[in-house]
Amino acid sequence: MSVTAPSAGPSARSGKAAALGWLLTIGLNVVAPIVTYNTLTEDHGWSEFSALLLSGAWPVLDTAVMAAWRRKVDEFAVVTLVFLVITAVVSLVGAHTARALLVKDSGVTGLFGLLCLGTLLAPRPLMFYFGRKFATDGTPESTAWWNGMWQYERFRSTMRTMTLVWGVAYVAEALTRIALAYALPTDTMVVVSPVMIYGVLAALGVWTAWFGRRRAAEGARRAAEAEASAAATAA
């Protein structure tokens, strides 16, 4: 029995909405924490640990804003909330120093990398769910289209390869930031840490887009060759 592709495709996203989303993400996850930390430590005499802990509230606000904006909580939001909880818990355990908090924060991204690698043993890897979030607009039709792509071996291979690369990259990123937390002053790491986090994220995003387009082009080429071969055989 032949397998046909799902008829529905991904709906186009609004460019303005996507740009606004990225501005909010960068503002609340990079700019606001740095400004908050510097203001509290330099102008108000807060300890490095207290200022660093409070500056971590901005990513929580980012998650709340995005959830309210999109009016739903999907797998991506659940993963984000889980890691926010992990961050809050590990921040209160062990030594209460700014360096320890930076190390624990690095541990969170390392745990994310391990989660990616662990889902390679699950029925569907983590990047399948992340891809569904960013490749569709969340409507039942586009979600069904994405879910239906899982029947194709090349699609499954692509999702697993992406998950493997993300997992290895974030484990390496976490180990590097832990080493830098001990090698650099705290005020320097407050700037370096989010830059590394979102720099790695941006690099992975660019690679993922390139790899996805490459796999799609290869699939289209193979399909065309198969059709041409079938047509030649029939003739």
Side-chain angles (χ1 to χ4, degrees), residues 1-15 17-19 21-22 25 66-67 69-83 109-173 198 200-235:
M1 181 173 62
S2 62
V3 180
T4 57
S7 58
S11 301
R13 283 183 174 274
S14 165
W22 276 111
T25 296
M66 290 302 174
W69 184 9
R70 292 166 182 160
R71 298 185 180 278
K72 68 174 183 176
V73 177
D74 54 17
E75 295 89 349
F76 184 85
V78 170
V79 170
T80 301
L81 290 173
V82 166
F83 277 94
T109 57
L111 286 173
F112 174 77
L114 292 176
L115 175 63
C116 286
L117 298 177
T119 61
L120 291 173
L121 303 176
R124 298 185 183 186
L126 190 59
M127 285 303 114
F128 170 83
Y129 299 103
F130 278 28
R132 188 169 67 187
K133 177 178 178 62
F134 292 106
T136 73
D137 62 356
T139 60
E141 294 78 13
S142 62
T143 299
W145 166 79
W146 183 262
N147 292 342
M149 293 296 292
W150 188 252
Q151 65 187 299
Y152 302 109
E153 188 280 331
R154 193 164 186 80
F155 179 82
R156 297 194 298 270
S157 173
T158 298
M159 293 297 104
R160 292 188 175 113
T161 300
M162 288 179 175
T163 302
L164 175 63
V165 170
W166 278 66
V168 171
Y170 267 112
V171 169
E173 181 268 350
Y198 289 97
V200 170
L201 177 61
L204 286 171
V206 171
W207 175 84
T208 300
W210 169 82
F211 186 69
R213 287 195 299 267
R214 175 187 168 187
R215 282 297 182 96
E218 290 176 354
R221 176 178 56 80
R222 291 187 179 186
E225 290 175 351
E227 289 181 2
S229 177
T233 302

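Two residues are said to be in side-chain contact when any heavy atoms from C-beta on lie closer than 4.5 Å; Arg222 and Arg154 meet this criterion.
Taken from CE in Met162 to CZ in Arg160, the straight-line distance is 13.5 Å, to the nearest 0.5 Å. A distance of 11.0 Å separates OG1 in Thr208 from CZ in Phe130, rounded to the nearest 0.5 Å. Rounding to the nearest 0.5 angstrom, the gap separating the CG atom in Leu204 from the CE atom in Met127 is 8.5 Å. The distance from the OG1 atom of Thr143 to the CG atom of Asn147 is 6.5 Å, given to the nearest 0.5 Å.
The side chain to side chain contact (heavy atoms under 4.5 Å, CB included) search around Leu164 returns Leu117, Leu120, Val168, not counting sequence neighbours. For the side chain to side chain contact (heavy atoms under 4.5 Å, CB included) test, residues two or more places apart in sequence or in another chain that qualify with Arg214 are Trp210, Glu218. Qualifying side chain to side chain donor-acceptor pair (under 3.5 Å) partners for Thr119, counting only residues two or more places apart in sequence or in other chains: none. Residues passing the side chain to side chain donor-acceptor pair (under 3.5 Å) test with Thr158 are Arg215, sequence neighbours excluded. With sequence neighbours excluded, the residues forming a salt bridge (charged side-chain N to carboxylate O under 4.0 Å, His left out) with Arg221 are Glu225, listed by chain and number.
Of all heavy-atom pairs between Cys116 and Gly167, the closest is CB-CA, 3.6 Å. The two atoms that bring Pro125 and Trp150 nearest to each other are CD-CH2, 3.4 Å, heavy atoms only.
The aromatic rings of Tyr170 and Trp166 sit tilted relative to each other, their planes meeting at an angle between 30° and 60°.
Two rings, from Phe155 and Trp146, have their centers less than 6.0 Å apart.
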